Amino acid sequence: MSKNRIDYLRISLIDRCNFKCVYCMPEGKTISYALQENWLSVDELINLVESVFIPLGFRKFRLTGGEPLLRPDVITLIRAIAALSGTEDLSLTTNAYRLADMADSLYQAGLRRINISLDSLQPETFERITGGQGRTRWQKVWTGIQAAHRVGFSPLKLNVVVISGVNDSEILELAALTLNQAWHVRFIEFMPIGNQDLFQSKGWIDSACLQQQIRSRWGLITASIQGYGPADVFKIPEAKGTIGFISQMSDCFCDRCNRMRLSADGWLRPCLLNETGQINLRQALRQKQSVQDIRDQVAALLVAKDTIHFKARDSGTTAASTALYSRTMSQIGG
Ligand code: SAM
Ligand code: SF4
């Protein structure tokens, strides 16, 4: 068994998206999406969660994508996973474009935690980052965030991928969102996945620099929050919310990794950046393999996980291929 308790599954519901964020999608390149007939159905997903993952000790589930709110059956799936006695934590990551209309139904279905990508407070910059035209997109997302707040999602986290020369001038304004609301802003270091050209031209900004900026302005004290995973969490003294830093570039957290990822078309991968050992659960299900057989295969991957990670990939000790880099977060399930 892995030395960490692997109890967290990120489930991608769909690899497509209604945004085209500059850091996530490669510019000018065609992405090969999974065929819709290959998406895991709601029944297949529930079967896997209930009969394979929960019995193996998985307790936390995050629905993601692509954009998970584009999946028409997302509410049905949430209701089913939330109702399972083995589910201790269910959350969703979204770009919030459809959230204003869906926040209430998501909450009623049993979802309590939500992470929203919000890379800028400036409508023009937001359009530039998310590949939109005009200035209406930011307003729609902002309205979605307000709806999530009103409905009662807690904790409500706002994810910011920081890109040099694009949104790094807004760090203090974004951090200030935590002052009067119990919102949790998390700054994420840009990873070399998705848009390679942008990564090569911009590089990534070390979380330590952002932390320093915020500390100089207000001071920062150590804090914690439900489901903070690999984030280092702080708060501005007297603030209602917290500020997290996800520093996978400056401080590789592979040693603490507690998760696996399931793609929309059913590939279970042990590591975000390494496809070694991944197994095709869709094929296993559709070939009518027994639940016990599928469980055994996943159990074997759990054992192998310690040797399949980002650090191993970097040191060239695994059979990682360059194809890893051509996958986007939206394809893998970020
Ligand atoms: N569409 C939803 C959203 O944007 O919140 C969910 C899927 S998205 C792939 C999940 C997360 O991956 C987002 O928080 C996004 O910012 C992050 N992400 C995508 N590409 C990234 C990259 N190259 N580096 C760091 N984070 C990235
Ligand atoms: Fe879509 Fe999320 Fe990727 Fe942006 S980060 S393109 S919203 S999947």
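Note that this is a predicted model, so its numbers are computed, not measured. Counting convention: from 1, in listed order, for ligands and their atoms alike.
Counting only residues at least two apart or in different chains, side-chain hydrogen bond (donor to acceptor under 3.5 Å, both in side chains) contacts with residues 159-179 comprise S120-E170, N159-R186. Sorted by first then second residue, the ring pair (Phe, Tyr, Trp, His ring centres under 6.0 Å) pairs that include residues 9-55, not counting sequence neighbours, are F19-Y97, F53-F58. Identified under the ring pair (Phe, Tyr, Trp, His ring centres under 6.0 Å) test for residues 59-91, with sequence neighbours left out: none.
Residue V161 touches ligand 1 through its side chain alone, judged by heavy-atom distances below 4.0 Å. By the criterion of a heavy-atom distance under 4.0 Å, the side chain of N159, and not its backbone, is placed next to ligand 1. Contact annotation: for I116 versus ligand 1, there are no heavy atoms closer than 4.0 Å.
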Please evaluate residues D7 and R59 with respect to the criterion salt bridge (charged side-chain N to carboxylate O under 4.0 Å, His left out), reporting the C-alpha separation (whole Å), side-chain torsions for both, the decisive distance (0.1 Å), and the verdict. CA-CA 5 Å; D7 60 357; R59 294 288 176 268; over 6 Å; no
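Short contacts between ligand 1 and G66, defined as distances under 4.0 Å to a heavy atom of the residue, involve ligand atoms 1 (N), 2 (C), 6 (C), 7 (C). The G65 neighbourhood of ligand 1 comprises atoms 7 (C), 9 (C), with distances under 4.0 Å to a heavy atom of that residue. Listed by atom number, the atoms of ligand 1 under 4.0 Å from T94 heavy atoms are 2 (C), 3 (C), 5 (O). Atoms of ligand 1 lying under 4.0 Å from any heavy atom of N95, numbered from 1 in the order shown and given with element: 2 (C), 3 (C), 5 (O). Ligand-side atoms of ligand 1 in range of T64: 6 (C), 7 (C), range being under 4.0 angstrom from any heavy atom.
Of the residues listed (N280, I279, L285), the one engaging Q283 in a side chain to side chain contact (heavy atoms under 4.5 Å, CB included) is N280, and it is the only one.
The side-chain tip of R112 points at the ring of Y107 from less than 6.0 angstrom away and within 45° of straight on.
Counting heavy atoms from C-beta outward, L13 and E67 have side chains that stay 4.5 Å or more apart. In this structure, the side chains of L198 and F190 come closer than 4.5 Å at one or more pairs of heavy atoms.
Closest heavy-atom approach to atom 25 (C) of ligand 1 among the candidates E189, E67, Q196, M25: E189.
Only protein N, O or S atoms were considered, and those under 2.8 Å from atom 1 (Fe) of ligand 2 are C17 SG.
Hydrophobic clustering (side-chain heavy atoms under 4.5 Å, transitive across Ile, Leu, Val, Met, Phe, Trp, Tyr) groups L45 together with L56.
Across all non-hydrogen atoms, the minimal contact from V160 to V185 is CG2-CG1, 4.1 Å.
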